[in-house]
Amino acid sequence: MTTNNHPEAEPAPALPAGDFIRDIVAADQASGKHGGRVVTRFPPEPNGYLHIGHAKSICLNFGIAGENPGGVCHLRFDDTNPAREDVEYVDSIQEDVRWLGFDWGANKFYASDYFERLYQYAVELIQLGKAFVCDLSAEEMATFRGTPTVPGKPSPWRDRSVAENLDLFTRMRAGEFADGAKTLRAKIDMASPNIHLRDPAIYRIRRAEHHQTGTAWLIYPMYDYAHCLSDSIEGITHSICTLEFEVHRPLYDWILDALKTPCHPQQIEFARLNLSYTVMSKRKLLQLVQEGLVTSWDDPRMPTIAGLRRRGITPEAIRNFCARIGVTKYNGLTDVALLEFAIREDLNRNALRVMAVLHPLKVVLTNYPAEQTEEMPAVNNPEDPAAGSRLVPFGRELYIEQDDFMEVPAKKFFRLAPGAEVRLRYAYIIKCEAVIKDATGRITELHCTIDPDSKSGGATAGRKIKGTIHWVSAAHAVPAEVRLYDRLFTVPEPDHAGEGRDFKEFLNPQSLATLTHCQLEPSLRDARPEARYQFERLGYFRADPKDSAPGKPVFNRTLTLRDSWVKEQGK
RNA sequence: UGCCGAAUGGUGUAAUGGUAGCACGAUUGCCUCUGGAGCAGUCUGUCAUGGUUCGAAUCCAUGUUCGGCAGCCA
């Protein structure tokens with residue numbers, strides 16, 4: 001298991017027991033059904049970026065392969081629809097799977113690798129009298145198909161001779177017919193209660209350049225036809241997919257039974273991941289990108305792997321999350337709080353603590369010498385003694401967080417207020433003596449005094465002070481831009497928010513706040529994107545890998561810390 | 001009204017005829033130089049009604065509710 005950004009990270013905790021799919025695999029192993037082999041596959045269509053829902057599938061498929069001796073998991077691009085696919089997606093998918101910590105070794109395939117073989121299988125199907133060339137238009141075919149409650153009617157072309165079908169199919173491939181003019185259809189049962197068995201189209205004519213095969217093909221196989229055969233060709237033992245393909249399984253099995261194929265994999269369906277406060281369909285995510293509602297597929301607000309990565313979430317957190325949510329056939333809605341827990345759990349263990357002030361309020365320590373500077377030792381990570389400590393410069397003028405001062409303190413407010421005392425983290429206890437305002441009444445700075453005996457680590461530092469706040473020395477501070485991200489949508493289910501309502505109506509206008517006047521402790525000047533930080537009392541942050549420049553970091557907030565003060569205020 | 005599938009606390013799951021457990025969440029307290037973390041406690045559940053059984057979340061029947069399926073998308 002790779003740990004790209006966290007060589008110091010502990011191995012992932014023991015994963016939960018099994019699930020119904022692992023039970024099936026174990027039973028098959030016990031009975032010797034597949035001769036002891038376990039071969040799974042992760043089969044994305046390269047028509048978009050991977051998202052956290054795909055991560056669930058990746059962890060499942062690669063996970064099962066990894067848990068079984070000799071098990072392998074293939075990465076297979078399901079690229080049968082060139083109109084919507086692109087190499088950009090082929091590349092991003094590989095990067096994302098690898099980043100998540102999984103390795104397909106030499107087993108990278110494309111359904112398009114099998115186009116010739118798939119074509120020969122189709123010829124075979126025709127020869128068997130189990131497929132025919134149909135001249136019906138798309139609209140006509142829809143009419144003939146019937147509805148779930150009304151049986152379909154056979155196509156008038158259903159009984160063409162094998163010879164004629166062979167001839168026509170050959171000419172489809174040769175480009176003699178216009179796009180959409182003809183299809184090859186499986187001959188099954190137009191009256192089947194399962195619509196997918198009503199003579200489904202298995203090849204269509206499409207003059208589209210394919211990102212892998214170029215212009216070699218004018219006809220392309222449909223998913224149902226290509227997928228089961230690709231599985232069989234690769235010797236897949238367990239073909240794991242999501243619930244909506246459950247009704248396709250009889251067709252999957254029909255095709256493999258009709259043909260002489262290397263093996264007959266078992267299709268097993270599980271519930272896809274739904275996460276609250278987000279959307280999880282490539283179509284909708286693409287829409288957000290195309291309409292400029294987010295900046296890109298890797299916008300840190302996106303639930304894409306690339307977005308989560310850029311935001312600062314680690315592969316460990318995603319894997320642990322996937323392990324926690326389990327695998328079932330129940331189509332529910334997972335609370336995003338579960339994801340957030342996994343992120344905090346990981347970052348709490350691994351992130352380096354630093355001090356940064358997001359909304360600066362200047363503090364002048366009136367009894368501290370103007371020319372004096374001290375270096376305060378600060379712990380890098382209380383969860384990890386090996387992370388050591390560092391020195392943080394301290395001086396007469398500081399910045400503190402605006403939120404850490406209240407002119408009229410609320411009940412249970414433990415921070416600074418006129419006449420009140422607070423502990424400066426790793427430094428002195430200070431007392432607020434005066435509030436300085438400008439002509440408009442806005443607070444511009446605070447005048448405070450230190451208790452010189454209260455320095456951290458000092459002999460008389462033990463005075464009990466309820467509140468501790470973070471700070472940055474004004475003379476040493478590094479100014480920086482910090483981006484605060486929040487959930488992308490304001491409602492738990494933007495997908496099901498009401499009749500005729502569009503999910504984009506529920507976009508959270510506050511999902512991004514860009515702060516341009518933040519002040520960081522100097523150790524952050526050259527922060528590298530690989531590092532994960534906790535800005536003490538605020539949250540987890542990482543330098544944006546695209547927008548940071550040397551000496552001029554831009555930070556993304558990954559997630560806030562849990563904040564019981566916010567809850568207290570809500571009472 | 002057709003076919004397929006699923007129902008366990010607020011959420012995600014476990015228990016495979018034998019004490020309904022875990023995690024998240026919420027909440028109370030302890031602790032704390034992060035209102036973080038940690039520690040301790042509390043909270044809430046087997047869709048319904050029958051049946052089989054010494055015993056049912058689990059098996060059976062009926063019903064209810066929810067999800068999926070009518071692309072030449074995957």
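Quick note: numbers below take in every heavy atom, side chains included, and nothing from hydrogens, waters or symmetry partners. All chains are named by letter (A, B, ...) in the order of the sequence lines, taking the proteins before the strands, and each is independently numbered beginning at 1.
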Practice problem: Stems involving RNA chain B: give each as a range paired with a range, ordered by first number, where a stem means at least three consecutive Watson-Crick or G-U wobble pairs under 3.5 Å. | Solution: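 Expected stems, ordered by start: B:2-7 with B:64-69, B:10-13 with B:21-24, B:25-30 with B:38-43, B:47-51 with B:59-63.
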
[X]: partners by ring-ring contact (aromatic ring centres under 6.0 Å, His included), with sequence neighbours left out:
| X | value |
| --- | --- |
| A:His196 | A:His248 |
| A:His211 | none |
| A:Tyr252 | none |
| A:Tyr220 | A:Phe115, A:His210 |

Self-check item: Below 4.0 Å: OP1/OP2 of B:U11 and any side-chain N or O of A:Thr334
Solution: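 So the side chain of A:Thr334 is outside the cut-off, no N or O lying under 4.0 Å from OP1 or OP2 of B:U11.
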
Quiz item: Has A:Ser564 got a side-chain N or O lying under 4.0 Å from the OP1 or OP2 atom of B:G36?
Solution: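 Affirmative; the distance criterion is met.
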
Whole Å only: how far is the [atom1] atom of [X] from the [atom2] atom of [N]?
| X | N | atom1 | atom2 | result |
| --- | --- | --- | --- | --- |
| A:Met376 | B:U34 | CE | P | 16 Å |
| A:Phe144 | B:G71 | CZ | P | 15 Å |
| A:Phe414 | B:U32 | CZ | P | 14 Å |
| A:Phe270 | B:G68 | CZ | P | 16 Å |
| A:Phe20 | B:G12 | CZ | C1' | 15 Å |
| A:Glu340 | B:C24 | CD | C1' | 11 Å |
| A:Glu345 | B:G36 | CD | C1' | 15 Å |
| A:Asp346 | B:C24 | CG | P | 15 Å |

Self-check item: Rounded distance (nearest 0.5 Å) linking atom CZ of A:Arg562 with atom CZ of A:Phe341
Solution: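 Separation between the atoms: 9.0 Å.
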
Quiz prompt | Whichever of A:Gly467 and A:Ala271 has its nearest RNA chain B nucleotide further upstream toward 5' | solution =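 This one resolves to A:Ala271.
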
Assess the pair [X] and [Y]: is the distance between their ring centroids shorter than 6.0 Å?
| X | Y | result |
| --- | --- | --- |
| A:Tyr114 | A:Tyr121 | no |
| A:Tyr110 | A:Phe77 | yes |
| A:Trp471 | A:Phe394 | yes |

Work out how far the [atom1] atom of [N] is from that of [M], and round it to whole angstrom.
| N | M | atom1 | result |
| --- | --- | --- | --- |
| B:G63 | B:A56 | P | 24 Å |
| B:C60 | B:G68 | C1' | 27 Å |
| B:U11 | B:G25 | C1' | 7 Å |
| B:U52 | B:U62 | C1' | 15 Å |
| B:G10 | B:C47 | P | 12 Å |

Quiz prompt | A:Thr242 side chain to A:Glu244 backbone, donor-acceptor under 3.5 Å | solution =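 Such a contact is absent between A:Thr242 side chain and A:Glu244 backbone.
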
Exercise. Please state whether the base of B:G36 and the side chain of A:Arg344 form at least one donor-acceptor pair under 3.5 Å?
Key: no

Got a list of protein N/O to nucleotides 57-60 of chain B N/O distances below 3.5 Å?
none

Looking at every strand, decide which applies to [X] at a 4.0 Å heavy-atom threshold: base, sugar-phosphate, or nothing.
| X | answer |
| --- | --- |
| A:Gln534 | base |
| A:Arg198 | nothing |
| A:Arg353 | base |
| A:Phe413 | base |
| A:Thr147 | base |

Self-check item: side-chain hydrogen bond (donor to acceptor under 3.5 Å, both in side chains) involving A:Arg204 - partner list, sequence neighbours excluded
Solution: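 Result, side-chain hydrogen bond (donor to acceptor under 3.5 Å, both in side chains) vs A:Arg204: none returned.
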
Quiz item: Who pairs with A:His359 by side-chain hydrogen bond (donor to acceptor under 3.5 Å, both in side chains), at least two apart in sequence or on another chain?
Solution: none

If you restrict it to nitrogen or oxygen atoms, what contacts under 3.5 Å exist between nucleotides 72-74 of chain B and the protein, and what is each distance?
residue: B:C72; atom: OP1; partner: A:Arg145; partner atom: NH2; Å: 3.4
residue: B:C72; atom: OP2; partner: A:Arg145; partner atom: NH1; Å: 3.1
residue: B:C72; atom: O2'; partner: A:Arg206; partner atom: NH2; Å: 2.8
residue: B:C72; atom: N3; partner: A:Gly180; partner atom: O; Å: 3.1
residue: B:C72; atom: N4; partner: A:Leu136; partner atom: O; Å: 2.7
residue: B:C72; atom: N4; partner: A:Ala138; partner atom: N; Å: 3.2
residue: B:C72; atom: N4; partner: A:Gly180; partner atom: O; Å: 2.9
residue: B:C73; atom: OP1; partner: A:Arg206; partner atom: NH2; Å: 3.3
residue: B:C73; atom: OP2; partner: A:Arg204; partner atom: NE; Å: 2.8
residue: B:C73; atom: OP2; partner: A:Arg204; partner atom: NH2; Å: 2.7
residue: B:C73; atom: O3'; partner: A:Arg204; partner atom: NH2; Å: 3.1
residue: B:C73; atom: O2'; partner: A:Asn81; partner atom: ND2; Å: 2.8
residue: B:C73; atom: O2'; partner: A:Arg84; partner atom: NH2; Å: 2.7
residue: B:C73; atom: O2; partner: A:Arg84; partner atom: NH2; Å: 2.8
residue: B:A74; atom: OP1; partner: A:Thr80; partner atom: OG1; Å: 2.6
residue: B:A74; atom: OP1; partner: A:Arg204; partner atom: NH1; Å: 3.4
residue: B:A74; atom: OP1; partner: A:Arg204; partner atom: NH2; Å: 3.0
residue: B:A74; atom: OP2; partner: A:Tyr223; partner atom: N; Å: 2.9
residue: B:A74; atom: O3'; partner: A:Asp78; partner atom: OD2; Å: 3.4
residue: B:A74; atom: N6; partner: A:His248; partner atom: NE2; Å: 3.2

Nearest to the side chain of [X], heavy atoms from C-beta on, is which of [options]?
| X | options | result |
| --- | --- | --- |
| A:Phe341 | B:A26, B:G35, B:C24 | B:C24 |
| A:Arg562 | B:A14, B:U34, B:A26 | B:A26 |
| A:Arg324 | B:A23, B:A26, B:A37 | B:A23 |

Quiz item: salt bridge (Lys or Arg N to Asp or Glu O under 4.0 Å): which pairs involve residues 173-186 of chain A, sequence neighbours left out?
Solution: A:Glu116-A:Arg173, A:Asp135-A:Lys182, A:Arg171-A:Glu176, A:Asp179-A:Arg207

Quiz prompt | Candidates A:Glu401, A:Arg537, A:Arg425 - the one meeting side-chain contact (heavy atoms from CB on, under 4.5 Å) with A:Ile469 | solution =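 Running side-chain contact (heavy atoms from CB on, under 4.5 Å) over A:Glu401, A:Arg537, A:Arg425 with A:Ile469 returns exactly one hit, A:Arg537.
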
Quiz item: Out of A:Val357, A:Val363, A:Leu358, which residue meets the side-chain contact (heavy atoms from CB on, under 4.5 Å) rule with A:Pro360?
Solution: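 Checked A:Val357, A:Val363, A:Leu358 against A:Pro360; only one passes side-chain contact (heavy atoms from CB on, under 4.5 Å): A:Val357.
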
Quiz item: Can a donor-acceptor pair be found between the side chains of A:Asp384 and A:Asn350 at a distance below 3.5 Å?
Solution: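 No, no side-chain donor-acceptor contact under 3.5 Å.
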
Quiz item: Since syn is defined as within 90° of 0, does B:G71 count as syn or as anti?
Solution: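 Because its glycosidic torsion lies within 90° of 0, B:G71 adopts the syn conformation.
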
Quiz item: For every nucleotide of nucleotides 3-10 of chain B, 5' to 3': is a protein heavy atom under 4.0 Å from its base (B), only from its sugar-phosphate (S), or from neither (-)?
Solution: SSSS----

Practice problem: With sequence neighbours excluded, tell me which residues meet side chain to side chain contact (heavy atoms under 4.5 Å, CB included) with A:Pro156. | Solution: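 For A:Pro156 the side chain to side chain contact (heavy atoms under 4.5 Å, CB included) partners, ignoring immediate neighbours, are A:Leu136, A:Phe144.
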
